[in-house]
Amino acid sequence: MDLGGPHGLFGTPAAGGTARATVRVPATSANLGPGFDTLGLALGLHDEIEAEISESPGIDIAVEGEGAGELDLGEGHLIVTTMRATFDRMGLPQPRGIRLRCLNRIPHARGLGSSSAAICAGILAARALATTPYAGNRDHPAELSDDGALALATEIEGHPDNVAPCLAGGLTVAWTDAGGAPHLVRLLPHEAVRPVVLVPAHRLSTETARGLLPKEVPHADAAANAGRAALLIAALTARPEPGLLLAATEDRLHQDYRAPAMPRTADLVRRLRKAGVAAVVSGAGPTVLAFSTMNTQDLIAPEVGNDWHIQPLEVETRGARVVSLETR
């Protein structure tokens, strides 16, 4: 995977002493209806993380926005564990201390890739900081390739469907080869496609949603989803036609099985689709993702109650990136 630039799209190197990296990571929506564990889309809603290696031992974390007052503020914080895993993967000594400042905008446990965003942020921050002579790494700066970053993110998350669009941006098709290595292809949806997320107040864990899936599905359902997933790529990248988008987002593999855990989500998807809107469950839910076009954009709000937050978003085409890397 080559995402451009001498050190890839995910980060840039710098020289100097003590360093601080600021990373911006997007929300994502996985599955997109029929593309179970394969298709993903990066969205224009971002978390921003400032990470600094400290000479003083210990962890110092401050969280603003989503998760404030709820998240672990010590070694158990997902960004911290990911940074440490990244330093280990690069063969580097662990820093004595880590300082994090997190501005979280991505809703948690809503099917918008908040955990993938944290994982990608930790990898990018550690990779950027590893290019600087921080304490214990003064003589041999290390590197981690884009393929290596994707592999580590997939290993931590468990599957590549969210981390792929988070890292690369745009619309991604992700898969693992016979050896278990993840890969991705990045595409750009047509500019006329406008994602709209409908976010409820209630949450649903990915583990709960996955626990409802059967171990086997009918062959006809698998074949139907394969065809719809292929059609969805065409429907999203060519000039969108509402009827084509609606047909392309049909799913038989996961949404109906998960409906008992999120009946209001399932009902909203059903009503939107009946109105002609290409609506799907975002990731494991309970957020609903609608692909809006000029012909369908006015059909969404009448079907949505007051307890859902309607948020039109752009497609994030750049993906996660290091915004700044300061050395002192």
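Here the structure is a predicted model, which is why all the values come from computation and not from measurement.
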Asker: Within the 4.5 Å heavy-atom criterion, are Asp307 and Pro200 side-chain neighbours or not?
Answerer: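 Counting from C-beta outward, Asp307 and Pro200 never come under 4.5 Å.
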
Asker: Check whether any side-chain N or O of Asp72 sits under 3.5 Å from a backbone N or O of Gly74 as a donor-acceptor pair, and report yes or no.
Answerer: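 Yes; at least one donor-acceptor contact below 3.5 Å.
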
Asker: Are Phe291 and Leu246 grouped together when hydrophobic residues (ILVMFWY) are joined by side-chain heavy atoms under 4.5 angstrom apart?
Answerer: no

Asker: Does Gln297 have more than 12 heavy atoms from other residues, nucleotides or ligands lying within 6.0 Å of its CD?
Answerer: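 Count over threshold, so yes.
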
Asker: Please report the C-alpha distance between Arg101 and Glu48 in whole Å, then the side-chain angles of each, then the deciding distance to 0.1 Å, and finally whether the side chain to side chain contact (heavy atoms under 4.5 Å, CB included) criterion is met.
Answerer: CA-CA 8 Å; Arg101 296 296 179 263; Glu48 294 182 10; over 6 Å; no

Asker: List the atom of Thr81, the atom of Glu75, and the distance in Å for their closest heavy-atom pair.
Answerer: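 Shortest heavy-atom contact: CG2-O, 3.0 Å.
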
Asker: Treating Asp161 as the side-chain partner and Ala30 as the backbone partner, does any N or O pair qualify as donor plus acceptor under 3.5 Å?
Answerer: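 Between the backbone of Ala30 and the side chain of Asp161 there is no qualifying donor-acceptor contact (under 3.5 Å).
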
Asker: So if you build clusters from Ile, Leu, Val, Met, Phe, Trp, Tyr with side-chain heavy-atom gaps below 4.5 Å, do Ile106 and Leu78 land together?
Answerer: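 Unlinked, Ile106 and Leu78 end up in two clusters.
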
Asker: Closest heavy-atom contact between Ser282 and Ser29?
Answerer: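 So the two residues come closest at OG-OG, 2.8 Å.
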
Asker: How many angstroms lie between atom OG1 of Thr287 and atom NE2 of His309, to the nearest 0.5 angstrom?
Answerer: 10.0 Å

Asker: With a 4.5 Å heavy-atom cut-off, do Arg252 and Arg228 have their side chains touching?
Answerer: no

Asker: Please report the interatomic distance CG(Leu289) to CG(Leu43), rounded to the nearest 0.5 Å.
Answerer: 6.5 Å

Asker: Measure the shortest side-chain to side-chain distance between Pro95 and Phe87 over non-hydrogen atoms and say whether it is less than 4.5 angstrom.
Answerer: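 Heavy-atom side-chain distance check passes, below 4.5 Å.
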
Asker: Going by an N to O cut-off under 4.0 Å, is there a salt bridge joining Lys274 and Glu303?
Answerer: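 No.
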
Asker: Donor-acceptor pair, distance only, cut-off 3.5 Å: does the side chain of Thr38 make one with the backbone of Phe36?
Answerer: yes

Asker: Using atom types as modelled and distance alone, determine if a side-chain donor or acceptor of Asp37 lies under 3.5 Å from a backbone N or O of Asn31.
Answerer: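 A pair under 3.5 Å: no.
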
Asker: More than 12 non-hydrogen atoms from neighbouring residues, nucleotides or ligands closer than 6.0 Å to CZ on Arg239, yes or no?
Answerer: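 For Arg239, atom CZ is not crowded (no more than 12 foreign heavy atoms under 6.0 Å).
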
Asker: How close do Arg194 and Pro312 get, counting heavy atoms only, and between which atoms?
Answerer: NH2-CB, 4.1 Å

Asker: Is a side-chain donor or acceptor of Thr265 paired with a backbone partner of Pro286 at a separation under 3.5 angstrom?
Answerer: yes

Asker: Does a side chain donor of either Gln94 or Asp88 reach within less than 3.5 Å of an acceptor in the other side chain?
Answerer: yes

Asker: Is there a path of hydrophobic side-chain contacts, each under 4.5 Å between heavy atoms of I/L/V/M/F/W/Y residues, joining Leu71 to Leu100?
Answerer: yes

Asker: Starting from Leu32, can I reach Leu253 by hopping between I/L/V/M/F/W/Y residues whose side chains sit under 4.5 Å apart?
Answerer: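 Cluster IDs for Leu253 and Leu32 differ.
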
Asker: If the condition is side chain to side chain contact (heavy atoms under 4.5 Å, CB included), which residues does Pro260 pass it with, not counting sequence neighbours?
Answerer: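 In terms of side chain to side chain contact (heavy atoms under 4.5 Å, CB included), with neighbours along the sequence ignored, Pro260 is linked to no residue.
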
Asker: Can Val193 and Thr237 be said to form a side chain to side chain contact (heavy atoms under 4.5 Å, CB included), step by step?
Answerer: CA-CA 9 Å; Val193 177; Thr237 56; over 6 Å; no

Asker: Do Arg110 and His202 have side-chain atoms, one donor and one acceptor, less than 3.5 Å apart?
Answerer: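 Per modelled atom types, Arg110 and His202 side chains form no pair under 3.5 Å.
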
Asker: Within the 4.5 Å heavy-atom criterion, are Pro195 and Leu41 side-chain neighbours or not?
Answerer: yes

Asker: Side chain to side chain donor-acceptor pair (under 3.5 Å) between Ser116 and Glu157: does it pass, once the steps are laid out?
Answerer: CA-CA 7 Å; Ser116 291; Glu157 178 70 349; 3.1 Å; yes

Asker: Sort out for me which residue in Ile156, Thr28, Leu167, Leu152 forms a side chain to side chain contact (heavy atoms under 4.5 Å, CB included) with Cys120.
Answerer: Leu167

Asker: Using the salt bridge (charged side-chain N to carboxylate O under 4.0 Å, His left out) criterion, which residues pair with Glu66? Sequence neighbours excluded.
Answerer: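 With neighbours one apart ignored, the set is empty.
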
Asker: Does any part of the side chain of Ile98, heavy atoms only, come nearer than 4.5 Å to the side chain of Ser54, both counted from C-beta?
Answerer: no

Asker: Would you give the length of the straight line joining atom NE2 of His159 to atom OG1 of Thr176, rounded to the nearest 0.5 angstrom?
Answerer: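 If we round to the nearest 0.5 Å, His159:NE2 and Thr176:OG1 are 12.0 Å apart.
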
Asker: Look at the side chain of Asp47 and the backbone N and O of Arg105, then say whether any donor-acceptor pair between them is shorter than 3.5 Å.
Answerer: yes

Asker: Rounded to the nearest 0.5 Å, what separates atom OG1 in Thr317 from atom CG in Leu171?
Answerer: 12.5 Å

Asker: What are the two closest non-hydrogen atoms of Ala118 and Ile79, and how far apart are they?
Answerer: O-CG1, 3.5 Å

Asker: Please report the C-alpha distance between Leu45 and Val197 in whole Å, then the side-chain angles of each, then the deciding distance to 0.1 Å, and finally whether the side chain to side chain contact (heavy atoms under 4.5 Å, CB included) criterion is met.
Answerer: CA-CA 11 Å; Leu45 179 66; Val197 293; 5.9 Å; no

Asker: Between the main-chain N or O of Ala168 and the side-chain N or O of Arg186, is there a donor-acceptor pair closer than 3.5 Å?
Answerer: yes

Asker: So among Ile233, Thr172, Leu187, which one has a side chain to side chain contact (heavy atoms under 4.5 Å, CB included) with Leu39?
Answerer: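 Going through Ile233, Thr172, Leu187 one by one, the side chain to side chain contact (heavy atoms under 4.5 Å, CB included) with Leu39 is satisfied by Ile233 alone.
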
Asker: Is Leu112 reachable from Val280 through a run of hydrophobic residues whose side-chain heavy atoms are each under 4.5 Å from the next?
Answerer: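 Result: yes, single cluster for both.
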
Asker: Is there a donor in the side chain of Glu316 and an acceptor in the side chain of His46, or the other way round, less than 3.5 Å apart?
Answerer: yes

Asker: Taking atom CD1 of Ile123 and atom CE of Met90, what is their separation to the nearest 0.5 Å?
Answerer: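 It is 10.5 Å, given to the nearest 0.5 Å.
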
Asker: Under the side chain to side chain contact (heavy atoms under 4.5 Å, CB included) rule, what do Ile49 and Val25 come out as? Steps first, then yes or no, please.
Answerer: CA-CA 8 Å; Ile49 292 88; Val25 288; 4.1 Å; yes

Asker: Find the distance between CZ (Arg321) and CZ (Arg24) and round it off to the nearest 0.5 Å.
Answerer: 5.0 Å

Asker: Please write out which residues are connected to Leu198 in a hydrophobic cluster, directly or through intermediates, given that two of Ile, Leu, Val, Met, Phe, Trp, Tyr count as joined at side-chain heavy-atom separations below 4.5 angstrom.
Answerer: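 Noted: Leu198 shares its cluster with Val196, Leu204, Met262, Leu268, Val269, Leu272, Val277, Val281, Val288, Leu299, Ile300, Val304, Trp308, Ile310.
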
Asker: Ion pair present between Asp267 and Arg270, side-chain N to carboxylate O less than 4.0 angstrom?
Answerer: yes

Asker: Evaluate side chain to side chain donor-acceptor pair (under 3.5 Å) for Thr249 paired with Arg273, printing each intermediate quantity in order.
Answerer: CA-CA 10 Å; Thr249 48; Arg273 294 186 66 82; 2.8 Å; yes

Asker: Is it true that Ser56 and Arg99 share a donor-acceptor pair across their side chains at a distance under 3.5 Å?
Answerer: no

Asker: Looking at every non-hydrogen atom in both residues, tell me the closest pair between Ala51 and Ala125 and how far apart they are.
Answerer: CB-CB, 3.8 Å

Asker: What's the shortest heavy-atom distance between Thr86 and Arg127, and which atoms?
Answerer: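 Looks like CG2-N, 4.4 Å.
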
